[in-house]
Chemist: 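I'd like to ask you about the structure that follows.
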There are 2 protein chains.
Amino acid sequence: MLRLSKKTDYALLAVRHLAANADRGAVSARELAETYDIPPELLAKVLQKLVRGRLLESQQGIRGGYALARAASAMSVADVIQAVDGPLMVTACSEDDHSCDQYSKCNIRDPLWRIKDRIIAALGATSVAELAMEMPAPLPLPAGVLPLQMVKRP
Amino acid sequence: MLRLSKKTDYALLAVRHLAANADRGAVSARELAETYDIPPELLAKVLQKLVRGRLLESQQGIRGGYALARAASAMSVADVIQAVDGPLMVTACSEDDHSCDQYSKCNIRDPLWRIKDRIIAALGATSVAELAMEMPAPLPLPAGVLPLQMVKRP
DNA sequence: GAGATATCCGACCGAACTAGTCCATCTTAG
DNA sequence: CTAAGATGGACTAGTTCGGTCGGATATCTC
């Protein structure tokens, strides 16, 4: 029923968070996972895919973490989905992949491909920056308060 | 990755076929299954869902079969998908269903719901009649030739 | 240099869903 | 009555998805 995968949900939450907190530098996977109640290892996998998709940049080491690889306004929801879940397709077949038992007899391909293009357009029209604009930043961080990563944990 | 289910594919093929052959009266599930190489029992289930969704009308008994319940132009691709796969949703949550671990902390709901509306609009804008127009009918049936269901099989 | 804190990467597991099958029943034309 | 058709439920095999585990590597702090 056309549902987005959970990994995509997590990816969008994370990317939105990074966009809203771009000024704070790298954000660790652990902080993201705790903020949104996501299994840390699973989120880590998603973030790695986003790195491989050139949407995020990672920094290893003790103060490492993730940050957007480019401006949030130049990153669409479609980009995030494709980085996590692979190329988004509505039908089993595509221009180059004809692996479908009904391919030769199928006569609904073309209209469905047109629909797919419209869906991709809808997903491409919304940028991550728009997601981040939607609500106030979840951690307003009043002036003078150290960012989370500087605070000693018990 | 936003893929349509196979059942939906079959439903669209069937509905398109019925629209293109509306003048021939009821078409049996077997004929549809053979025409498009679909497992008959599976197609039967899909057709039943379409009947329950008031998109098709069925006639039982020998010489029975399926026909569109209303004009093909008044039946959208979205209607077919929803009848087969249930209400189409992009996110796990909706206006009434908040069953999602991240619901309280989620801040990407609203933009995603807007995207969902645009997808539904894209699916709703294409009618079954347009699908049927796309190509010549798969069985042109030259004048004088009896329809398939009248032909004796060996 | 040592240790702590990160990312990175591959293998693995269980649950859920999907596609497909089988079978038994009911309905109707001939 | 019988054959052809729809209807409906239970069942299975395969795949995907969400989640977990263990270890390797990089880098900062002390």
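These numbers were taken from a predicted model, which means no experiment stands behind them. First the proteins, then the strands, lettered A, B, ... as listed; each starts at 1.
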Chemist: Any ion pair linking A:Arg24 and A:Glu31 (charged N to carboxylate O, less than 4.0 Å)?
Modeler: yes
Chemist: For residues 52-61 of chain B, which residues have at least one heavy atom under 4.0 Å from DNA chain C?
Modeler: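 When residues 52-61 of chain B is checked for heavy atoms under 4.0 Å from DNA chain C, the hits, listed by number, are B:Gln60, B:Gly61.
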Chemist: Near DNA chain D, counting only heavy atoms under 4.0 Å, which residues of residues 75-92 of chain B show up?
Modeler: none
Chemist: Distance check needed: D:dT7 C1' versus B:Leu50 CG, whole Å only.
Modeler: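 My rounded result for the distance is 14 Å.
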Chemist: Can you name the side-chain hydrogen bond (donor to acceptor under 3.5 Å, both in side chains) partners of A:Arg54, sequence neighbours left out?
Modeler: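 With neighbours one apart ignored, the set is empty.
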Chemist: Which ring pair (Phe, Tyr, Trp, His ring centres under 6.0 Å) pairs, counting each pair once, include a residue from residues 71-106 of chain A, with sequence neighbours left out?
Modeler: A:His98-A:Tyr103
Chemist: Taking N or O atoms only and anything under 3.5 Å, show me the protein contacts with nucleotides 20-24 of chain C, one pair per line.
Modeler:
| residue | atom | partner | partner atom | Å |
| --- | --- | --- | --- | --- |
| C:dG20 | OP2 | B:Tyr10 | OH | 3.0 |

Chemist: Check the distance between D:dG5's C1' and B:Tyr66's OH and give it to me in whole angstrom.
Modeler: 9 Å
Chemist: If you look only at pairs with a residue in residues 39-49 of chain A, which of them pass as a salt bridge (Lys or Arg N to Asp or Glu O under 4.0 Å), with sequence neighbours excluded?
Modeler: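 For residues 39-49 of chain A, and leaving out neighbouring residues, there are no salt bridge (Lys or Arg N to Asp or Glu O under 4.0 Å) pairs at all.
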Chemist: Could you name each residue pair satisfying ring pair (Phe, Tyr, Trp, His ring centres under 6.0 Å) that touches residues 53-82 of chain B, not counting sequence neighbours?
Modeler: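 Passing the test, one end in residues 53-82 of chain B: no pairs.
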Chemist: Among residues at least two apart in sequence or on other chains, which ones pass side-chain contact (heavy atoms from CB on, under 4.5 Å) with A:Ala19?
Modeler: A:Leu68, A:Ala72, A:Val128, A:Ala132
Chemist: Only counting residues at least two apart or in another chain, list the ones meeting side-chain hydrogen bond (donor to acceptor under 3.5 Å, both in side chains) with A:Thr126.
Modeler: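 With neighbours one apart ignored, the set is empty.
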Chemist: Please collect all salt bridge (Lys or Arg N to Asp or Glu O under 4.0 Å) contacts where either partner lies in residues 77-105 of chain A, sequence neighbours excluded, each pair once.
Modeler: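 For residues 77-105 of chain A, and leaving out neighbouring residues, the salt bridge (Lys or Arg N to Asp or Glu O under 4.0 Å) pairs sorted by first residue read A:Arg70-A:Asp79, A:Lys105-B:Asp37.
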Chemist: Can you list everything that forms a side-chain contact (heavy atoms from CB on, under 4.5 Å) with B:Leu42? Sequence neighbours excluded, please.
Modeler: B:Lys7, B:Tyr10, B:Pro39
Chemist: Between atom CZ in A:Arg63 and atom P in D:dT29, what is the gap in whole Å?
Modeler: 6 Å
Chemist: When the distance from CZ of A:Arg3 to C1' of D:dT16 is rounded to whole Å, what number comes out?
Modeler: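 The answer, rounded to whole Å, is 14 Å.
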Chemist: Please give, in whole Å, the distance from C:dA29 C1' to B:Ile62 CD1?
Modeler: 6 Å
Chemist: A:Thr91: which residues meet the side-chain hydrogen bond (donor to acceptor under 3.5 Å, both in side chains) condition with it, sequence neighbours left out?
Modeler: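 Applying side-chain hydrogen bond (donor to acceptor under 3.5 Å, both in side chains) to A:Thr91 gives A:Trp113.
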Chemist: Can you measure from CZ (A:Arg3) to NZ (B:Lys116) and round to the nearest 0.5 angstrom?
Modeler: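 One finds 12.0 Å between CZ of A:Arg3 and NZ of B:Lys116.
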Chemist: In this structure, how many angstroms lie between the P atom of C:dA6 and the CD atom of A:Glu31, rounded?
Modeler: 10 Å
Chemist: Within less than 4.0 Å of OP1 or OP2 of C:dA6, is there a side-chain N or O belonging to A:Arg30?
Modeler: yes
Chemist: Could you give the CG-to-P distance, from B:Leu43 to D:dT7, as a whole number of Å?
Modeler: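 These atoms are roughly 12 Å apart.
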Chemist: In whole Å, I'd like the distance from the CG atom of B:Leu47 to the C1' atom of D:dG8.
Modeler: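 From B:Leu47 CG to D:dG8 C1': 14 Å.
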Chemist: Counting any heavy atom closer than 4.0 Å, what does B:Ala29 reach on the DNA or RNA strands: base, sugar-phosphate only, or nothing?
Modeler: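 Here B:Ala29 touches the backbone only, sparing every base.
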